[in-house]
Amino acid sequence: MSLTFHWFLPTNGDSRHVVGGGHGSPATASGRDRPPTVAYLSQIARAAEDLGFTGALTPTGAWCEDAWLTTAMVSQNTERLKFLVAFRPGFVSPTLAAQMASTFQRQSGGRLLLNVVTGGESHEQRAYGDFLDKDDRYRRTDECLHVVRELWQGRTVDLEGDHLRVADARLTRLPDPVPEVYFGGSSPIAGRVAAKHVDVYLTWGEPPAAVAEKIAWIRRLAAEEGRTLRFGIRLHVITRDTSAQAWAEAHRLLDGFDQETVRSVQAGLARSESEGQRRMLALHGGGSRDALEIHPNLWAGIGLVRGGAGTALVGSHEEVAERIKEYHALGIDEFVLSGYPHLEEAYWFGEGVLPRLRTEGLWAHPFREEAGQGTPPQAPLAGVGR
């Protein structure tokens, strides 16, 4: 199977420094360096599309712009790029969620991928009017995905669940194609939900041995449900012509981390209920700047000031390609990547690493002749700032 690469739309703002935020933490001031306008996000999206990224992930939460509205606008300035849109079950009814996804597919030409985010922070969920505890949020996600999946198949749904109720629910127009569902979660109940409902299980960038354990765990749970899943990993990247240049850039970013900001962010993240976030914090010892290279070319420095994905692949183009191959050997087929700033770093990876993987037969540009689809026309960017 050819590897699939996705990029990231920084709807929390972008910078030549790390933009913190996520998991209940606000975006740091550096997010104001490049505001997340439709014009700027469209630049990133068009670059990702041209370089050969299949899709682009968007975050969710009070720290960033709304994922659905933003991607709907940016999609009008791209041709083929898909959008891995963050969706929180419980914020809208499952019938409306299924309808929104169906509309997005028709209006975008089938370019929606759905990233289900259950929500690991009760204090953040309460700000949106959601007062369920963590396990009940996952049980609600289970019910929501059941309803959405049934509606997408054209079935009429009646459900009286513990958290959701619908009666005589149906869609008048079905999505074509049905969006693939992505999902991440490290707690036992999250694993069971993934096994039952999702197409791609996502993990944050832990060392390969830990990732291998997660893959084996989810494969076993999925087999019990009579299903098979694909696997993806979420990482940042710092890739340069030489290893020394890449590590110099990592150290430049690290030098920009104000100690008080690190302390404040780490104190906030330590309150997280997310098992995945707990595992991310353990990689750097809760804020230590020492021993941040936790596996060859795997750097935990981003997690000092950012919630969620906190590790980066750092090295020469050849070294980063080797680490990707190492994860692929474990069963990872999809890579969801980002870097600061997102426009420039997309080019470093797309022009430095992807050609090496193509030469080895591990990747083909999804929109060009090597993928058998031809080169898409370049649409004008008129009106992107509206």
Side-chain angles (χ1 to χ4, degrees), residues 55 57-61 67-68 71 82-105 110 112-120 125 128 130 132-171 173-203 214 217-232 234 274-276 334 336:
L57 174 70
T58 56
T60 181
W68 285 93
T71 55
K82 296 181 181 181
F83 295 92
L84 187 47
V85 178
F87 163 66
R88 292 200 185 193
F91 283 9
V92 299
S93 80
T95 307
L96 179 56
Q99 183 183 16
M100 290 166 61
S102 184
T103 297
F104 199 111
Q105 287 297 67
L112 174 68
L113 304 170
L114 204 62
N115 181 37
V116 176
V117 179
T118 296
Q125 296 291 123
Y128 286 93
D130 177 17
L132 294 182
D133 64 24
K134 179 184 172 183
D135 281 359
D136 277 335
R137 290 197 296 270
Y138 275 107
R139 295 184 183 101
R140 181 180 59 195
T141 294
D142 186 5
E143 295 176 1
C144 179
L145 290 178
H146 166 74
V147 173
V148 168
R149 288 287 202 184
E150 290 290 291
L151 292 172
W152 283 346
Q153 296 301 317
R155 301 186 180 102
T156 299
V157 182
D158 293 280
L159 174 71
E160 290 196 17
D162 293 331
H163 303 288
L164 298 174
R165 295 178 63 189
V166 297
D168 199 29
R170 64 171 68 88
L171 294 181
R173 302 183 69 184
L174 302 181
D176 183 21
V178 170
E180 290 195 308
V181 176
Y182 290 64
F183 177 94
S186 299
S187 63
I189 193 169
R192 292 194 292 273
V193 172
K196 289 175 63 175
H197 296 291
V198 311
D199 300 296
V200 181
Y201 176 83
L202 292 175
T203 179
K214 270 191 174 180
W217 167 54
I218 296 295
R219 277 182 173 157
R220 175 179 56 79
L221 294 177
E224 293 172 1
E225 298 289 339
R227 304 182 69 240
T228 58
L229 280 63
R230 303 198 311 278
F231 294 91
R234 172 78 178 94
S274 165
E275 175 64 15
E334 303 203 18
V336 184

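The analysis underlying the following values was restricted to heavy atoms, covering all of them including side chains, and did not include hydrogens, waters or symmetry mates.
- Within the 4.5 Å cutoff, no side-chain heavy atoms of Val116 are placed close to those of Val198.
- Paired with Phe183 under the rule side chain to side chain contact (heavy atoms under 4.5 Å, CB included), one option of Leu202, Asp199, Ile218, Val193 passes, and it is Val193.
- Considering Thr118, Asp135, Asp130 in turn, Asp130 is the only one that fulfils the side chain to side chain donor-acceptor pair (under 3.5 Å) rule with Arg140.
- Residues Phe91 and Gln125 have side chains in contact (heavy-atom distance under 4.5 Å, counting atoms from C-beta outward).
- No donor-acceptor distance shorter than 3.5 angstrom exists from the side chain of Asp158 to the backbone of Glu160, with no hydrogens or angles considered.
- In terms of modelled atom types and a separation under 3.5 Å, the side chain of Glu334 and the main chain of Arg230 share no donor-acceptor contact.
- When side chains are defined from C-beta on, Phe231 counts as touching Arg219, because their heavy atoms get closer than 4.5 Å.
- Distance CD/Glu224 to CZ/Arg192: 10.5 Å, rounded to 0.5 Å.
- Side-chain atoms of Ser102 come within 3.5 Å of backbone N or O of Arg173 as a donor-acceptor pair.
- To the nearest 0.5 Å, atom CZ of residue Phe83 and atom OG1 of residue Thr58 are 9.0 Å apart.
- Distance check: His197 NE2 to Glu143 CD gives 9.0 Å after rounding to the nearest 0.5 Å.
- With a 6.0 Å radius and a threshold of 12 heavy atoms from other residues, nucleotides or ligands, Arg165 has its CZ atom at or below the threshold.
- Of the possible donor and acceptor atoms, one in the side chain of Gln105 sits under 3.5 Å from a partner among the backbone N and O of Pro177.
- Put simply, the side chain of Tyr201 gets close to the backbone of Gly185: a donor and an acceptor are under 3.5 Å apart.
- Side-chain atoms of Leu164 and Cys144, non-hydrogen and from C-beta on, do get closer than 4.5 Å to each other.
- With respect to Ile189, the side chain to side chain contact (heavy atoms under 4.5 Å, CB included) criterion is satisfied by exactly one of Arg139, Lys134, Arg137: Arg139.
- Expressed to the nearest 0.5 Å, how far CG of Leu171 lies from CG of Leu174 amounts to 6.0 Å.
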